[in-house]
2 protein chains.
Amino acid sequence: MSKKNETNKASVTLIDVAKHAGVSPMTVSRVLNNLSIVKSATREKVLSSVERLNYSPNQAARSLAGGRSTRICLLYGNPSSAYLGELLMGALEAVSTYGYQLVVNRVPEDISPESLRKDLHRTWDGLIISPPMGDVKGIRRLLNEEGFPTVYLGCFSENKSACEMGIDDYQASIDVIDFLVGLGHSRIGFIQGHPSHRSSAQRLAGVEEGLRRAGLPAGGDLVVPGFFTYRSGMEAGLQLLKARNPPTAIFAANDDMAAGVLAAASEMGLKVPRDVSVVGFDDSPIATTVWPNLTTIRQPLSELAGRAVKTLGDMIGEGKRQADTSESKTYLEYSLIKRESAAAPKAD
Amino acid sequence: MSKKNETNKASVTLIDVAKHAGVSPMTVSRVLNNLSIVKSATREKVLSSVERLNYSPNQAARSLAGGRSTRICLLYGNPSSAYLGELLMGALEAVSTYGYQLVVNRVPEDISPESLRKDLHRTWDGLIISPPMGDVKGIRRLLNEEGFPTVYLGCFSENKSACEMGIDDYQASIDVIDFLVGLGHSRIGFIQGHPSHRSSAQRLAGVEEGLRRAGLPAGGDLVVPGFFTYRSGMEAGLQLLKARNPPTAIFAANDDMAAGVLAAASEMGLKVPRDVSVVGFDDSPIATTVWPNLTTIRQPLSELAGRAVKTLGDMIGEGKRQADTSESKTYLEYSLIKRESAAAPKAD
DNA sequence: CTGAAAGCGCTTACAG
DNA sequence: CTGAAAGCGCTTACAG
């Protein structure tokens, strides 16, 4: 157990702020919660006192008094605990900073929008959705219709007003091709991601553009389908490697598939990267598990989740609906992590 | 935002309980917090009212009034986000049930006990430690000396009073051998875990016992060292498979190494499970990623974390120190998950 | 647009 | 061993 005063510096309260600003506590509360309209001069006074005093509201008191507590739900369908783990780390930190409650919910991947609607307003104040659920049309439509505060992670859409964050899959894929070309590769195979993920299309587009810029042939038998699974990567890898004129480098749209390519190469007696280079995407745990370790694109997942929580909190606080939000696409920085699986092609 | 009454059934308060039990609110509070001694007749009355009314304390009020909030820290050194993710899920749920605060902290694996000591009482009320940190002597000694409420996950020691939870590595390993023997295998190889983890020794002991019971030779060239990494599993697999009289089944002390064995088999042109069966341990994500999927032992990690939170809360609440706790080893149920990587040996 | 009052559910002293 | 009082920091009506 720990008394508050052991850890918190004698905390400044709403009343302190009120005194400092020369208004009533009620007014401070109103400013803080954007409730009814406060004269803007008053508002500014209060805000500056808040800043001056470095005030931050006591969540316990808040929820005791008003029963108002912001509940943010992180919804996921895919049980990749690695992906989820990173997301959780970031979300947890942000949630405790802003005093929200975090609810983590697993739902069947084929959940009907209707069963979601039920929980919506009754249970949560905002939603963070990760792929592939965020790519499901019915779910997006529901959330949009309801004007429910939602942040989509890693799944961009054409809907201009939807709040979406992630990395630029298109540009990241171009970067991978640039990297491979820079190494000296001129026959580069690509294994696509699952067709139901929008990011798959963007990664493919990036590859094609990168190849085009390098003046290299794109498409044809160098692009094969995949489903984000190890096994599909293995089969696709076999297919590419057994072609009459096999690629010297293979870029797979995620790490699981890239690991599958490693297995395919091994099965054919090929050494990576000596005989063929392999690049993945995501920097998931398997990237540093398999040998050789995978060169791959790293997404800042925990930062992503943190930003999502903050943004969602703002949306809810300002009573914004998705439709009101203007700039709502946020691209975070990714990085190309160079490890052992890619190297220059061997001299013929 | 959501009003409390929208979600909570008109909640029963401490006052309701007091009325029901015919005592003052203060007495109820005392019973609930095991503070000063309450006459046991009174105590029972209160407790039964609590049960009858299905009362659960409002954490917000609790922390507002007393500033008493229990902070539990989950400490980890190894960045396996998959393992951590599962642990987090369980911990989060429990924490919200009991109204504790969860702090998740990553520390360098080689952290000095001294730098830990600093944070100890100032910041946390209890600690959950996962391997391999829980196997570090210096850290255990520090925690023990300080009498700091701690639950060790997955790392059992000889210290009788330390509170430790996990699965029975020894028995689980025996079960794997039984399973393999039942399938018809009589030459079974074993790849050991990292020597710094105590669980490694227990898994080895289980294997030896299982083999002994089956009347099979143990040890010798059938037991090779490993370090829990994919690469060490691959090398160990190669070593086993290249022996003059190779095993027909290989049990690796974790899934990463088992996946490495798969790679080794592939490199030698062997098919799993046709030519050799492979069994892992942990049921980590890689088990269902690689192909064939791994037969393995599943640990109930999220349940484990949940139990740890609850236990820790009790330890803290009752002001118990480790040394006072009596039965402090908890074994949770594991399960042997049968997938594609193990089958009967082929008829010669 | 702003304020004075009351109360959220619990716990802290302080008395018996 | 048990209770009556006051208050934690905020927000909800309710008034101006």
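We name chains A, B, ... by the order of the sequence lines, and we start the count at 1 in each one. Computed from a predicted structure; not experimentally measured.
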**Q** Whole angstrom is fine here: how far is it from CG in A:Leu53 over to C1' in D:dG9?
**A**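 Between C1' of D:dG9 and CG of A:Leu53: 15 Å.
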**Q** Enumerate the protein-to-nucleotides 3-5 of chain C contacts in which both atoms are nitrogen or oxygen and the separation is below 3.5 Å.
**A**
unit_1	atom_1	unit_2	atom_2	d
C:dG3	OP2	A:Ser24	N	3.1
C:dG3	OP2	A:Ser24	OG	3.0
C:dG3	OP2	A:Thr27	OG1	2.5
C:dG3	N7	A:Arg30	NH2	2.6
C:dG3	O6	A:Arg30	NH1	3.3

**Q** Any non-hydrogen side-chain atom of A:Val31 less than 4.5 Å from a side-chain atom of A:Val50?
**A**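 No, every pair of side-chain atoms sits at 4.5 Å or beyond.
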**Q** Backbone N or O of A:Ala162 within a donor-acceptor pair of the A:Lys329 side chain at under 3.5 Å?
**A** yes
**Q** For A:Leu14 and D:dG9, give me the distance from atom CG to atom P, rounded to whole Å.
**A** 11 Å
**Q** How about A:Leu332: does its CG atom have over 12 heavy atoms from other parts shown lying under 6.0 Å from it?
**A**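 Yes, because the 6.0 Å sphere around CG of A:Leu332 holds more than 12 heavy atoms from other groups.
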**Q** Test of understanding: with side-chain hydrogen bond (donor to acceptor under 3.5 Å, both in side chains), list the residues that count as partners of A:Glu303, not counting sequence neighbours.
**A**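 A:Glu303 satisfies side-chain hydrogen bond (donor to acceptor under 3.5 Å, both in side chains) with no other residue.
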**Q** Got a sec, which residues hit side-chain hydrogen bond (donor to acceptor under 3.5 Å, both in side chains) with A:Ser24, two or more places apart in sequence or on another chain?
**A** A:Thr27
**Q** List for me each residue that meets side-chain hydrogen bond (donor to acceptor under 3.5 Å, both in side chains) alongside A:Ser302, sequence neighbours excluded, and say none if there are none.
**A**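 For A:Ser302, no residue satisfies side-chain hydrogen bond (donor to acceptor under 3.5 Å, both in side chains) once neighbours in sequence are set aside.
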**Q** Calculate the interatomic distance between B:Asp16 atom CG and C:dG9 atom C1'; express it in whole Å.
**A**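 It is 10 Å, rounded to the nearest whole Å.
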**Q** Are A:Thr330 and A:Arg307 close enough that a side-chain donor and a side-chain acceptor fall under 3.5 Å?
**A**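 No, no side-chain donor-acceptor pair sits under 3.5 Å.
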**Q** Checking A:Lys39 now: which residues fulfil salt bridge (Lys or Arg N to Asp or Glu O under 4.0 Å) with it, not counting sequence neighbours?
**A**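 For A:Lys39 there are no salt bridge (Lys or Arg N to Asp or Glu O under 4.0 Å) partners, ignoring immediate neighbours.
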**Q** Given C:dC1, C:dT11, C:dG9, identify the nucleotide with an atom nearest to the side chain of B:Ser29.
**A** C:dT11
**Q** Counting Watson-Crick and G-U wobble pairs whose two distances are both under 3.5 Å, find the runs of 3 or more in a row that involve DNA chain C.
**A**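 Listed by first number, the stems are C:1-3 with D:14-16, C:5-12 with D:5-12, C:14-16 with D:1-3.
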